[in-house]
**Student:** 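Just passing along the structure, written as structure tokens.
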Amino acid sequence: MSEIARGAFHHPGYLDAAAQAALARDIAGVISDAPLFVSRMPKSGLPMSVRMTNCGPLGWMSDREGGYRYEAAHPETGAPWPPMPRMLLDIWAELTGYPKPPEACLINVYSDTAKMGLHQDRDEADFDAPILSLSLGADCRFRLGGPKRADKTIAVTLSAGDALVLAGPARRCFHGVDRILPSLLTPLPGPLAGLGARVNLTMRRVT
DNA sequence: AAGTAGCG
DNA sequence: AAGG
């Protein structure tokens, strides 16, 4: 584990290959019940380049009309999000030590050209709870800034099996994904193969 | 607004 | 609404 900025903890290789495979099976199950969809920017309606879905009581989404928000149901099927796999609850407890379980796990699927612009996670009521992110598949160039958009940034490579915890002051920091790195060598595990190059799971407290 | 192109 |  290394603290890459105040409150930002990178755990390279936190999940071994077997754990990554087990997690991939769980996530493939979630996606089969809650199909990937594309969120759109508020007002402009421009699509994001990632495809996403969620598990847990609440899920993050965005569309032109309603903007960034959490919802209890899938925007296309209308069904509640699938339950949070136990493995994710256990990882949350171990890495964050937070007394309450995560309410949302956003599953972002990146193609080899997908990106995520610099942003803050600020659609939650609880800003004290950490954010936990897990990576599967291709490496990416992750960018972490400060609490203001213009603050200086650092870049970190996130690889398959890595965990990243944004706690304390880092909870409010801008962050994003510059690009997916070429990785013939790290395909997504079998159950997720073909969906994209990289999958990121982001767990959060919402209420 | 987690989007992007290109102009002052 | 500034930066990679």
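Below, chain A is the first sequence line, B the second, and so on; all start at residue 1.
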**Student:** Return the value, rounded to whole Å, for the distance between atom CG of A/D63 and atom P of B/dA2.
**Tutor:** 16 Å
**Student:** Please report the distance, rounded to the nearest Å, between CE in A/M116 and P in B/dT4.
**Tutor:** 10 Å
**Student:** By the 4.0 Å heavy-atom rule, please label A/G176 as base, sugar-phosphate, or nothing.
**Tutor:** nothing
**Student:** For residues 7-14 of chain A, which side-chain N or O atoms pair as donor and acceptor with protein atoms under 3.5 Å away, sequence neighbours left out?
**Tutor:**
from, atom 1, to, atom 2, distance (Å)
A/H10, NE2, A/D162, OD2, 2.9
A/Y14, OH, A/E94, OE1, 2.1

**Student:** What is the separation between atom CE on A/M61 and atom P on B/dA1, rounded to the nearest whole Å?
**Tutor:** 18 Å
**Student:** Tell me, please, which residues at least two apart from A/R172 pass salt bridge (charged side-chain N to carboxylate O under 4.0 Å, His left out).
**Tutor:** none
**Student:** Output all residues satisfying side chain to side chain contact (heavy atoms under 4.5 Å, CB included) with A/R86, sequence neighbours left out; order by chain, then residue number.
**Tutor:** A/D90
**Student:** Output the residues of residues 198-207 of chain A in contact with DNA chain B, where contact means a heavy atom of the residue under 4.0 Å from an atom of the strand; sort by number or write none.
**Tutor:** A/R204
**Student:** For A/K43 and B/dA1, what is the distance between atoms NZ and P respectively, to the nearest whole Å?
**Tutor:** 6 Å
**Student:** Could you give the CD-to-P distance, from A/Q120 to B/dA2, as a whole number of Å?
**Tutor:** 8 Å
**Student:** Rounded to whole angstrom units, what separation is found between the CG atom of A/D123 and the P atom of B/dA2?
**Tutor:** 10 Å
**Student:** Could you measure the distance from the CG atom of A/L134 to the CG atom of A/L95? Nearest 0.5 Å is fine.
**Tutor:** 7.5 Å
**Student:** Applying ring pair (Phe, Tyr, Trp, His ring centres under 6.0 Å), can you list everything that pairs with A/F37, at least two apart in sequence or on another chain?
**Tutor:** A/H74
**Student:** Taking the side chain from A/E103 and the backbone from A/L58, do they hold a donor-acceptor pair closer than 3.5 Å?
**Tutor:** no
**Student:** The criterion is salt bridge (charged side-chain N to carboxylate O under 4.0 Å, His left out); which residues satisfy it with A/R171, sequence neighbours excluded?
**Tutor:** A/E124
**Student:** Show which side-chain atoms of residues 146-156 of chain A pair as donor or acceptor with protein atoms under 3.5 Å away, not counting sequence neighbours.
**Tutor:**
from, atom 1, to, atom 2, distance (Å)
A/R149, NH2, A/L118, O, 3.1
A/D151, OD2, A/K148, N, 2.8
A/T153, OG1, A/R143, NH1, 2.9

**Student:** Can you tell me the distance, in whole Å, between the CG atom of A/L46 and the C1' atom of B/dT4?
**Tutor:** 7 Å
**Student:** Using whole Å, report how far CZ of A/R172 lies from P of B/dA2.
**Tutor:** 17 Å
**Student:** Which atom pairs link the protein and nucleotides 2-4 of chain C when you take only N or O atoms and keep those under 3.5 Å?
**Tutor:**
from, atom 1, to, atom 2, distance (Å)
C/dG4, O3', A/R143, NH2, 2.9
C/dG4, O3', A/D178, OD2, 3.4

**Student:** Donor-acceptor pairs under 3.5 Å, side chain of residues 16-23 of chain A to any protein atom, not counting sequence neighbours: which ones?
**Tutor:**
from, atom 1, to, atom 2, distance (Å)
A/D16, OD1, A/A18, N, 3.2
A/D16, OD1, A/A19, N, 2.8
A/Q20, NE2, A/L15, O, 2.8

